[in-house]
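Below is one structure, written out as structure tokens; the observations come after it.
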Amino acid sequence: MTVRYGVIGAGMMAREHIRNLALMPECAVSALADPDPAMLQEAQADCNGTPRIFSDHQSLLDAGICDALLVATPNHTHAAILTDILPHELPILMEKPLATTAADCRRILEAARERIAPVWVAMEYRYMPPITMLCEKVHAGLIGRVITVTVREYRYPFLDKVGNWNRFNRNTGGTLVEKCCHYWDLMRFVVASDPVRIYASGAMDINHIHERYDGQAPDIIDNAFAIADFANGTRGMMDLCMFGEGYHWQEEISVTGSEARIDARIPGPPRFDPNGRAHQARIELSRRDGKTVPLTLPDLDDSLLRVGDHHGATYFQMQRFHQLVKTGRGQPDVTLEDGLWSVVIGEAAEASVQSGQSVEIDLS
């Protein structure tokens with residue numbers, strides 16, 4: 001049976017998901033919704049087939065031609081769109097962040113409390129092959145008891161979006177929500193614990209400082225350090241720079257345990273490298289005896305790398321979501337509660353940047 005997907009949004013991430021669906025069997029994009037006709041036309045060209053086109057998500061829902069929904073729209077629209085589609089009881093893959101504020105996330109969880117169909121929050125970094133392997137090795141006890149987790153991302157600035165909505169905290173939730181929700185989710189997943197406090201220091205020093213939109217100056221920070229304390233005694237550190245292009249290594253994740261350290265290094269997308277170079281990801285184990293052991297990553301089909309900038313992660317995520325939809329069995333890997341936590345942590349980090357003080361985190 002072919003699963004008919006309705007895609008709400010026609011921007012960069014929506015098109016990456018559409019290209020993934022085109023590679024998978026028993027999938028079809030039956031409907032596309034976006035208010036921008038030009039973007040709809042581009043997204044339609046990525047589809048394996050000819051979907052029906054709608055200017056808004058409500059018209060798409062009313063058509064009744066979808067078995068599952070995928071939402072990839074600007075952050076500040078997430079809460080309203082989810083509120084509209086939750087009653088339709090269709091499986092949903094919801095792009096991150098779940099919403100721009102913890103309050104909106106909580107309202108979404110309450111609205112979904114009696115829901116039967118799953119909602120999966122798209123945290124694709126879990127599915128990058130080197131990060132997947134890192135998590136598997138850590139959870140298998142290869143490094144002993146987890147003590148610290150460090151995430152370092154030195155990358156290109158925020159990309160141009162429609163109206164450049166991503167230049168403002170009110171639309172994104174702030175950089176430490178918009179960009180870093182992936183990393184808060186990853187830290188919680190690795191250490192199997194929830195944070196109790198966070199301290200962050202950041203600023204807007206380089207990017208977008210001369211831009212103006214309807215006379216308004218962007219306010220989204222472009223670099224930050226953050227330290228999180230977790231309930232089980234582990235600590236996480238985040239080092240983010242949005243103007244330090246990591247052409248060779250864009251992300252570096254290190255987990256240090258009582259017996260060893262494991263490091264994953266992930267290159268930036270080749271299209272952002274000045275020479276178009278494609279670098280290979282690496283993962284290695286550093287033991288207490290001083291020996292470093294490289295681990296072998298699986299080879300990836302080039303088709304998975306060509307769909308977007310996430311090293312095959314969005315394909316593997318979509319594959320798992322599609323299996324959940326097809327079988328009707330199991331739970332999302334990344335739940336609404338996980339989506340809430342990632343926003344709660346990012347929101348607390350943004351508050352810490354503003355106050356200069358550490359912020360206690362209490363989900364209750």
Side-chain angles (χ1 to χ4, degrees), residues 75-76 78-79 96-109 121 123 125 146-155 157-158 165-209 217-244 251-256 337-364:
N75 297 7
H76 58 287
H78 288 185
K96 63 81 188 169
L98 179 59
T100 57
T101 68
D104 275 345
C105 290
R106 289 187 173 94
R107 281 189 282 270
I108 290 166
L109 262 72
V121 183
M123 294 290 185
Y125 279 49
V146 176
I147 310 275
T148 64
V149 180
T150 302
V151 176
R152 181 178 187 263
E153 181 174 47
Y154 275 34
R155 56 159 281 164
F158 282 119
W165 60 266
N166 59 347
R167 304 307 201 249
F168 296 94
N169 291 334
R170 65 177 181 270
N171 295 331
T172 66
T175 301
L176 301 181
V177 171
E178 205 300 321
K179 185 70 204 75
C180 298
C181 60
H182 285 299
Y183 301 128
W184 310 133
D185 174 70
L186 187 59
M187 285 184 188
R188 285 184 65 242
F189 184 59
V190 168
V191 307
S193 183
D194 297 324
V196 295
R197 73 186 58 83
I198 192 164
Y199 171 73
S201 175
M204 179 181 176
D205 288 311
I206 300 292
N207 295 344
H208 318 307
I209 58 176
D219 60 357
I220 195 157
I221 66 175
D222 56 24
N223 68 101
F225 294 127
I227 297 174
D229 293 328
F230 287 81
N232 66 357
T234 59
R235 293 181 301 285
M237 186 181 77
M238 185 39 234
D239 174 5
L240 176 72
C241 182
M242 301 285 292
F243 51 84
E251 288 100 8
E252 298 179 72
I253 296 95
S254 299
V255 186
T256 304
E337 288 77 10
D338 294 324
L340 167 63
W341 265 109
S342 67
V343 173
V344 164
I345 303 167
E347 192 174 71
E350 288 280 344
S352 181
V353 168
Q354 295 302 316
S355 69
Q357 304 294 317
S358 65
V359 174
E360 300 293 316
I361 298 174
D362 182 2
L363 204 58
S364 63

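Since we're looking at a predicted model, the values are computed, not measured.
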Heavy-atom closest pair, residues V343 and A99: CG2-O, 3.5 Å
Closest contact, heavy atoms only, T175 versus N169: N-OD1, 4.4 Å
Side-chain donor or acceptor of D222 paired with backbone N/O of N207 under 3.5 Å: yes
Working for side chain to side chain contact (heavy atoms under 4.5 Å, CB included), residues I361 and V196: CA-CA 5 Å; I361 298 174; V196 295; 5.7 Å; no
With Y125 via ring pair (Phe, Tyr, Trp, His ring centres under 6.0 Å) - residues at least two apart: H182, Y183
Backbone N/O of G339 and side chain of D185: donor-acceptor pair under 3.5 Å: no
CD1 on I345 to CG on D194, rounded to 0.5 Å: 7.5 Å
Flag side-chain contact, heavy atom, 4.5 Å: P195 against W341: yes
Test side chain to side chain contact (heavy atoms under 4.5 Å, CB included) applied to E350 and I221, step by step: CA-CA 9 Å; E350 288 280 344; I221 66 175; 4.3 Å; yes
Under 3.5 Å: donor-acceptor pair, side chain of W184, backbone of L176: yes
Spacing of H76 atom NE2 and T101 atom OG1 [to the nearest 0.5 Å]: 13.5 Å
By salt bridge (Lys or Arg N to Asp or Glu O under 4.0 Å) - contacts of E337 (at least two apart): none
Distance in Å, L186 CG paired with M123 CE, rounded so as to fall on 0.5 Å steps: 10.0 Å
Worked verdict on V344 versus R106 for side chain to side chain contact (heavy atoms under 4.5 Å, CB included): CA-CA 10 Å; V344 164; R106 289 187 173 94; 4.3 Å; yes
Main-chain N/O of Q357 paired to S352 side chain as donor or acceptor, under 3.5 Å: yes
Spacing of I209 atom CD1 and D219 atom CG [to the nearest 0.5 Å]: 14.0 Å
Closest non-hydrogen atom pair, A226 against A200: CB-CB, 3.9 Å
F168 atom CZ, neighbour heavy-atom count above 12 within 6.0 Å: yes
Any residue meeting salt bridge (Lys or Arg N to Asp or Glu O under 4.0 Å) with D239, in chain and number order, not counting sequence neighbours: R152
Nearest non-hydrogen partners of C105 and L340, listed with the distance: CB-CD1, 3.5 Å
M204 vs I220, side chain to side chain contact (heavy atoms under 4.5 Å, CB included): CA-CA, chis, key distance, verdict: CA-CA 6 Å; M204 179 181 176; I220 195 157; 5.5 Å; no
Whether N232 side chain and V191 backbone form a donor-acceptor pair below 3.5 Å: yes
Side-chain donor/acceptor of D229 to backbone N/O of R197, under 3.5 Å: no
Note, F230 side chain near R188 side chain (heavy atom, < 4.5 Å): yes
Value rounded to 0.5 Å, distance of CE in M237 from CE in M187: 8.0 Å
Between OG1 on residue T100 and CD on residue E178, distance to nearest 0.5 Å: 10.5 Å
